Asks: 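Following this message is one structure expressed as structure tokens.
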Amino acid sequence: MADNPKLIEDIKALENNLNVARESIKKRFIGQERVVDLTLTALLCGAHALLIGLPGLGKTRLVETLSTVMGLDGKRVQFTPDLMPADILGSEVLETSDDGKRSFRFIRGPIFCQLLMADEINRASPRTQSALLQAMQEQVVTISGKNHRLKPPFHVLATQNPIEQEGTYPLPEAQLDRFLIQINVDFPDFDTEKDILRATTGVEESKATQVFSADQLIHAQSLVRRMPVGEDVVNFVLHLVRAFRPDDPSASRQVVDMVAWGPGPRASQALIMSSRAHALLRNQLAPNIYDVLAMLPSVLRHRMSLNFAARARGDSLTELIESTSAELVKSKGST
């Protein structure tokens with residue numbers, strides 16, 4: 001890093017722009033700085049995020065604000081049980097020209113955007129949910145054997161309601177794994193809720209302003225990938241992820257007794273990438289162990305599952321992640 005002054009200069013400039021973007025977002029999404037930073041982390045990594053929270057906590061408002069601030073073409077799809085894959089991807093229609101010739105024309109669906117909000121994604125059927133798999137992984141949509149490439153950058157920010165589970169369909173593991181992080185949106189504290197009331201019940205509301213363009217975001221994503229990661233951080237990430245696999249020799253007795261299935265290699269990739277973005281948002285030039293630990297719960301929560309016995313006892317996956325990572329830090333002598 002020290003022998004690449006241009007990279008350092010570019011990262012510093014990006015840090016300044018990100019600070020401006022955060023301030024613009026906070027005008028409409030008040031408080032919840034952690035939620036804002038996690039969402040920006042997903043965008044900086046060129047990835048997708050799953051936001052879980054009760055109704056009325058501003059998840060839709062956050063996504064709409066991000067679309068404006070980051071200069072992205074955003075669209076929203078309300079997922080319902082009767083939603084079909086064609087309602088998201090698009091479909092071919094048969095048209096007749098003036099000379100009587102017939103041909104198929106592809107009409108693009110709302111997925112052809114740069115920031116797709118999949119609202120209450122678990123209310124759609126598994127068939128409809130799976131329509132997003134190819135797009136989220138390959139940024140391509142295949143219709144009638146023909147590939148249609150999505151315009152970069154492409155991000156999916158999906159929301160999920162943790163209550164009212166009747167009539168919902170749990171997301172399959174393959175789709176959950178495609179989300180870089182899971183973001184839990186909790187109730188605001190007293191002072192934050194007071195600020196929200198003052199800002200949203202008056203004559204006028206603050207408006208977000210554009211800070212980035214799509215090309216600038218793509219450049220930022222390239223910079224994140226160029227941030228150096230030390231060998232000790234890489235080894236720590238590998239030890240962490242493998243420690244949560246119940247069939248791995250390094251797994252603790254607690255993990256073996258509680259975990260049904262653990263995180264795969266994609267979790268390690270997500271942890272490295274998100275740690276870089278987390279360090280960038282802290283105005284650091286490279287990630288350290290602190291960044292890894294800060295991102296660990298958001299990266300792992302949706303990539304592993306408690307077994308039946310652990311769920312019956314009321315065990316907490318978050319507490320398991322915290323205790324296991326703390327033990328590993330202690331055993332490795334990391335700070």
Side-chain angles (χ1 to χ4, degrees), residues 1 4-25 36-51 62-77 89 108-118 132-141 147-158 178-181 183 208-229 266 269-287 291 295 298-299:
M1 173 71 79
N4 195 340
K6 181 64 168 62
L7 177 59
I8 296 176
E9 180 182 340
D10 289 346
I11 291 177
K12 290 293 185 181
L14 177 56
E15 289 172 352
N16 293 332
N17 286 341
L18 285 172
N19 290 332
V20 176
R22 288 153 111 181
E23 292 304 315
S24 183
I25 294 170
V36 172
D37 284 353
L38 287 174
T39 312
L40 285 174
T41 294
L43 296 184
L44 288 169
C45 294
H48 319 289
L50 178 63
L51 291 89
L62 172 62
V63 177
E64 291 174 348
T65 303
L66 281 167
S67 178
T68 300
V69 173
M70 306 306 287
L72 302 177
D73 172 25
K75 293 183 180 178
R76 178 179 180 272
V77 176
L89 305 180
R108 295 185 170 194
I111 199 170
F112 287 88
C113 65
Q114 295 171 318
L115 183 62
L116 177 68
M117 179 180 181
L132 292 173
L133 291 176
Q134 183 186 24
M136 292 176 68
Q137 182 65 28
E138 303 169 26
Q139 286 75 56
V140 171
V141 170
N147 291 337
H148 302 269
R149 185 158 294 278
L150 301 174
K151 182 180 179 181
F154 174 70
H155 306 275
V156 174
L157 296 182
R178 279 166 168 76
F179 289 104
L180 179 84
I181 52 177
I183 304 172
T209 55
Q210 181 177 340
V211 178
F212 281 78
S213 66
D215 289 339
Q216 287 176 320
L217 179 57
I218 292 174
H219 178 64
Q221 293 167 354
S222 174
L223 285 179
V224 169
R225 286 187 170 273
R226 291 168 60 194
M227 291 177 69
V229 181
R266 193 175 281 159
Q269 296 171 334
L271 201 48
I272 289 289
M273 286 299 300
S274 61
S275 297
R276 283 172 164 152
H278 186 270
L280 183 64
L281 290 168
R282 291 197 305 120
N283 298 323
Q284 301 297 313
L285 297 175
D291 298 298
M295 293 306 307
S298 298
V299 168

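All values below come from the heavy atoms of this structure, side chains included, with hydrogens, waters and symmetry mates left out. As the structure is a prediction and not an experimental result, all values here were calculated from the model.
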Asks: Which residues satisfy the side-chain contact (heavy atoms from CB on, under 4.5 Å) test with Ala47, sequence neighbours excluded?
Replies: Cys45, Leu180
Asks: Under the side-chain contact (heavy atoms from CB on, under 4.5 Å) test, which residues partner Pro152, sequence neighbours left out?
Replies: Ile218
Asks: Look at the side chain of Ser67 and the backbone N and O of Leu72, then say whether any donor-acceptor pair between them is shorter than 3.5 Å.
Replies: yes
Asks: Atom CZ in Arg276, atom CD in Gln284: separation rounded to 0.5 Å?
Replies: 15.5 Å
Asks: Give a yes or no on whether Arg225 atom CZ has more than 12 heavy-atom contacts from other residues, nucleotides or ligands under 6.0 Å away.
Replies: no
Asks: Taking only residues two or more places apart in sequence, or in another chain, which ones meet Ser213 in a side-chain contact (heavy atoms from CB on, under 4.5 Å)?
Replies: Gln210, Asp215, Gln216
Asks: To the nearest 0.5 Å, how far apart are CG in Leu217 and CE in Met70?
Replies: 4.5 Å
Asks: Is the backbone N or O of Val156 less than 3.5 Å from a side-chain atom of His48, with the two atoms forming a donor-acceptor pair by type?
Replies: yes
Asks: For Asn147 and Val141: C-alpha separation, side-chain torsions, deciding distance, then whether side chain to side chain contact (heavy atoms under 4.5 Å, CB included) applies.
Replies: CA-CA 6 Å; Asn147 291 337; Val141 170; over 6 Å; no
Asks: Grab the two heavy atoms, one from Leu43 and one from Gln221, that are nearest each other, plus how far apart they are.
Replies: O-NE2, 2.8 Å
Asks: Does Leu40 reach the side chain of Arg22, with side-chain heavy atoms less than 4.5 Å apart?
Replies: yes
Asks: With a 4.5 Å cut-off on side-chain heavy atoms, are Leu66 and Ile25 touching?
Replies: yes
Asks: Can you give me the closest heavy-atom contact between Ala42 and Ala49, atom names plus distance?
Replies: CB-CB, 3.8 Å
Asks: For the CZ atom of Phe212 and the OG1 atom of Thr68, what is their distance to the nearest 0.5 Å?
Replies: 14.5 Å
Asks: Could you check whether Lys151 pairs with Asp73 (Lys NZ or Arg NE/NH1/NH2 to Asp/Glu carboxylate O, under 4.0 Å)?
Replies: no
Asks: Using every non-hydrogen atom in the two residues, find where Pro110 and Val77 come nearest and quote the distance to one decimal.
Replies: CG-CG2, 3.5 Å
Asks: Mind checking the CG-CZ spacing from Leu115 to Arg76? Nearest 0.5 Å is all I need.
Replies: 12.5 Å
Asks: Compile the donor-acceptor pairs under 3.5 Å between side chains in residues 8-18 and protein atoms, sequence neighbours left out, one pair per line.
Replies:
residue, atom, partner, partner atom, Å
Asp10, OD1, Lys6, NZ, 2.9
Asp10, OD2, Lys6, NZ, 2.9
Asn16, ND2, Lys12, O, 3.4

Asks: Taking all heavy atoms of Pro287 and all of Val229, pick out the closest pair and write down the distance.
Replies: CG-CG2, 4.0 Å
Asks: Could you give the distance from OG1 (Thr39) to CG (Leu62), rounded to the nearest 0.5 Å?
Replies: 4.5 Å
Asks: Could I get the full list of ring-ring contact (aromatic ring centres under 6.0 Å, His included) partners for Phe112, not counting sequence neighbours?
Replies: Phe106
Asks: According to ring-ring contact (aromatic ring centres under 6.0 Å, His included), who are the partners of His278, at least two apart in sequence or on a separate chain?
Replies: Tyr290
Asks: At what distance, to the nearest 0.5 angstrom, does CD1 of Ile111 lie from CD of Gln139?
Replies: 10.0 Å
Asks: Indicate the atoms forming the closest heavy-atom contact of Val299 with Ala270, along with that distance.
Replies: CG1-CB, 4.0 Å
Asks: Taking side chain as C-beta onward, heavy atoms only, is Leu116 less than 4.5 Å from His155?
Replies: no
Asks: Tell me the closest heavy-atom pair linking Leu285 and Met227, and the distance in Å.
Replies: O-CE, 3.4 Å
